[in-house]
Number of protein chains: 2
Amino acid sequence: MDLRLLRAFLAVADHRHYGAAAHQLSLTQPALTKQIQTLERQLGGHLFTRGRHGAALTDLGQSLLTDARDLVVRSDLLASRAVRFAQGTVGRLSVGFGLSSIELAPWSVAEFRRRWPDVSVTLDDMSSRAQIERIAAADLDVGFVRLPAGAGLQQYTLRQDRLAVAAPSAPAGELGAWLREHDLVRLHRDKGPGLAGHIDRFCAAQAATPGTVQVAHDLQTVLALVAAGVGPALVPASATRIAPSTVSVTPIDDPGASWDVGVVWNPEHCPPVVSNFLNVVVPGSVRAGQPSAVGNVRS
Amino acid sequence: MDLRLLRAFLAVADHRHYGAAAHQLSLTQPALTKQIQTLERQLGGHLFTRGRHGAALTDLGQSLLTDARDLVVRSDLLASRAVRFAQGTVGRLSVGFGLSSIELAPWSVAEFRRRWPDVSVTLDDMSSRAQIERIAAADLDVGFVRLPAGAGLQQYTLRQDRLAVAAPSAPAGELGAWLREHDLVRLHRDKGPGLAGHIDRFCAAQAATPGTVQVAHDLQTVLALVAAGVGPALVPASATRIAPSTVSVTPIDDPGASWDVGVVWNPEHCPPVVSNFLNVVVPGSVRAGQPSAVGNVRS
DNA sequence: GAGTTCTTATAACGTCAAGGAATGGACCTG
DNA sequence: CAGGTCCATTCCTTGACGTTATAAGAACTC
């Protein structure tokens, strides 16, 4: 069953005239005649009764008509959907975000949704480390994470973040000394292994090893505990926004306290939707439209 | 969108191996490679990631898979249905019958239904004249009628029928004299114009012009009126079976009282279902299976 | 790490069928 | 009967498809 022959059949059925049908198909009449003859040979029966008034459908032709139309329409739909999918106009995209990107991800996703409304976007909240693992496994498309991402992945730095002291009042005196005198409210390691590691390294660099007053499972709670006077905490400066007004957040002005935040993706798994998303986040970063092009489209 | 390419795509998707897929398609591997490349070029994206372990579907391939399967299945269905329709294995058949063929038609149709269960048969009850008109207009496929059918139609004689006298008791004496002494219960002309004409001609040949006692609209009623003593009637001898036991039916032994009954069809409109039906009615009358064949079926 | 063995991709070539131009033939119309 | 309108046929060119042979790449083996 060749769709080309079915299209020929439908054209003739519509026009009831070989010449007109051939013109519509950009063919000459003899070519069309041969196509219809081929189809009739394959089916084993005549599709049209030819006569002075042109071509009229036989019973067989009539019985074929609706289904043939249906099939041709479906094939066109299939093709157009596939092309749009290949262009990233439709499809699915999963985006990861976490502590490091509370402000970055939502905006990017909203903008992407506006530009590509037919792509369904999934937002997943998880630690930078988990994002990176899943991106490497091609299980997640892109992520907003604490950099660097690691080998094999591509990244783009969007901005910097740094540690800040969250306490009822700003710490007085030298920071290292202050740290040596306080135990900290901490975020559970699993919820932010990158952050935890960073805090450890920074404290070590300050020659301090503060203990743990209490562990919380999200940043909101950490800040609430700080506000309740349980103890101070080291938090990302970007968390200022979600801090209660009774908590003083003091960014730490030290190179060792800062890190890069950016978007990460897997160059081995970069379908058009991903390229399009990256172009929203970092305009001009990736050529858009046909990143996985395979040559010229003919038909 | 070429179904051949979709089949290639599905084969590779199933086997995840070009060689195996090519074998299934009775192709060599390079040919299959080219088909997939063609499809990928048309869609504008890769369908498979090729590697040591064969070919794995990309997102694009995955998104195409179910719809492609559906389309291919539908095309196969369409083709097989069309072929069976062309062979007369499925389809529609309208059969006409009337007074002349009360016993012939039902048996033929029943037998045909047994042999070709997927053809839906419509039985239409109408006069021979109406059947012939509709057959000539290709509005009815075949009919069981009083012969001859007329120009342009083909017919086959199945048996003879003749007039019979239906009366409370068999007519005594010479028939012509008897006819001249009785008025008749008659069937409405429109219900059996052929029969009515035949009766008129026969009576005229017997030098009788019997009047009309009463007109009924079906044969059953005519016989009931006879049984009720309203008057005698001339009816087809084949009507014996439906006559009440109190009515004596005496076939008339005269060449002028008999006629042929047979099956009629339109040679200009003789799709396979019709040929198949005729083969049931008159085994061997028409070559079965591919009466409207158009050459050899290749694919 | 060189060789082997899996893959898929490419090159070269022959074949066959699709399409175009010209022509034929059947049928109606004036 | 000439002219017009259809579809069918013929002949020819071109290109697409498939085959054979070979390359190229990646993952094992020893």
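Side chains included, hydrogens not; waters and symmetry mates left out as well; all remaining heavy atoms used. In the text below, chain A, chain B and the rest are named by the order of the sequence lines, each starting its count at 1.
- In this structure, A:H23 atom NE2 and C:dG19 atom P are separated by 17 Å, rounded to whole Å.
- For A:Q29 and D:dT10, the CD to P distance is 14 Å, given to the nearest whole Å.
- Nearest nucleotide to the side chain of A:R4, out of C:dG20, D:dG18, C:dA18: C:dA18.
- Residue A:L32 contributes atom CG, which lies 14 Å from atom P of D:dC6 at whole-angstrom precision.
- For the pair B:K34 and B:E40, the salt-bridge criterion is not met [side-chain N within less than 4.0 Å of a carboxylate O].
- One can place NE2 of A:H46 at 10 Å from P of D:dA8, the figure rounded to the nearest angstrom.
- To the nearest angstrom, C1' of C:dA17 lies 12 Å from CG of A:L5.
- Which of C:dT8, D:dT19, D:dC6 sits closest to the side chain of A:H17 comes down to D:dC6.
- The pair B:D260-B:R146 does not meet the salt-bridge criterion, since no charged nitrogen lies less than 4.0 angstrom from a carboxylate oxygen.
- Proximity note for A:A55 (side chain, C-beta onward) versus C:dA9, D:dC7, D:dG18: the nearest is D:dC7.
- In this model, the phosphate group of D:dC7 is not approached by any side-chain N or O of A:T33 to a distance below 4.0 Å at OP1 or OP2.
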> Stepwise, does the ring pair (Phe, Tyr, Trp, His ring centres under 6.0 Å) test hold for B:F277 with B:F112?
Replying inline: CA-CA 6 Å; B:F277 183 77; B:F112 178 79; 5.3 Å; yes
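- At a threshold of 4.0 angstrom between heavy atoms, the contacts of B:Q35 are confined to the sugar-phosphate backbone, with no base atom among them.
- For C:dT8, the OP1/OP2 oxygens have no side-chain nitrogen or oxygen of B:Q37 closer than 4.0 Å.
- For the side chain to side chain contact (heavy atoms under 4.5 Å, CB included) with A:D76, the qualifying choice from A:L78, A:V72, A:V73 is A:V72, the only one to do so.
- Checking A:G54 against A:K34, the closest nucleotide of DNA chain D that is more toward the 5' end is the one next to A:G54.
- Closest contact between the side chain of B:P30 and the listed nucleotides C:dA11, D:dA8, C:dA18 involves C:dA11.
- Under 4.0 angstrom from either OP1 or OP2 of C:dT7 there lies no side-chain N or O belonging to B:R50.
- Under 4.0 angstrom from either OP1 or OP2 of D:dT19 there lies at least one side-chain N or O belonging to B:T28.
- The CG-P distance, from A:L27 to D:dA8, rounds to 15 Å in whole Å.
- The B:Y18 side chain lies nearest to C:dA9 when the options are D:dA8, C:dA9, C:dG19.
- Whole-Å rounding puts the A:R41 CZ to C:dA17 C1' distance at 11 Å.
- Classified by interplanar angle (parallel below 30°, tilted 30° to 60°, perpendicular above 60°), the ring pair B:F9/B:F48 is tilted.
- With rounding to whole Å, B:L39 atom CG is found 13 Å from C:dA9 atom P.
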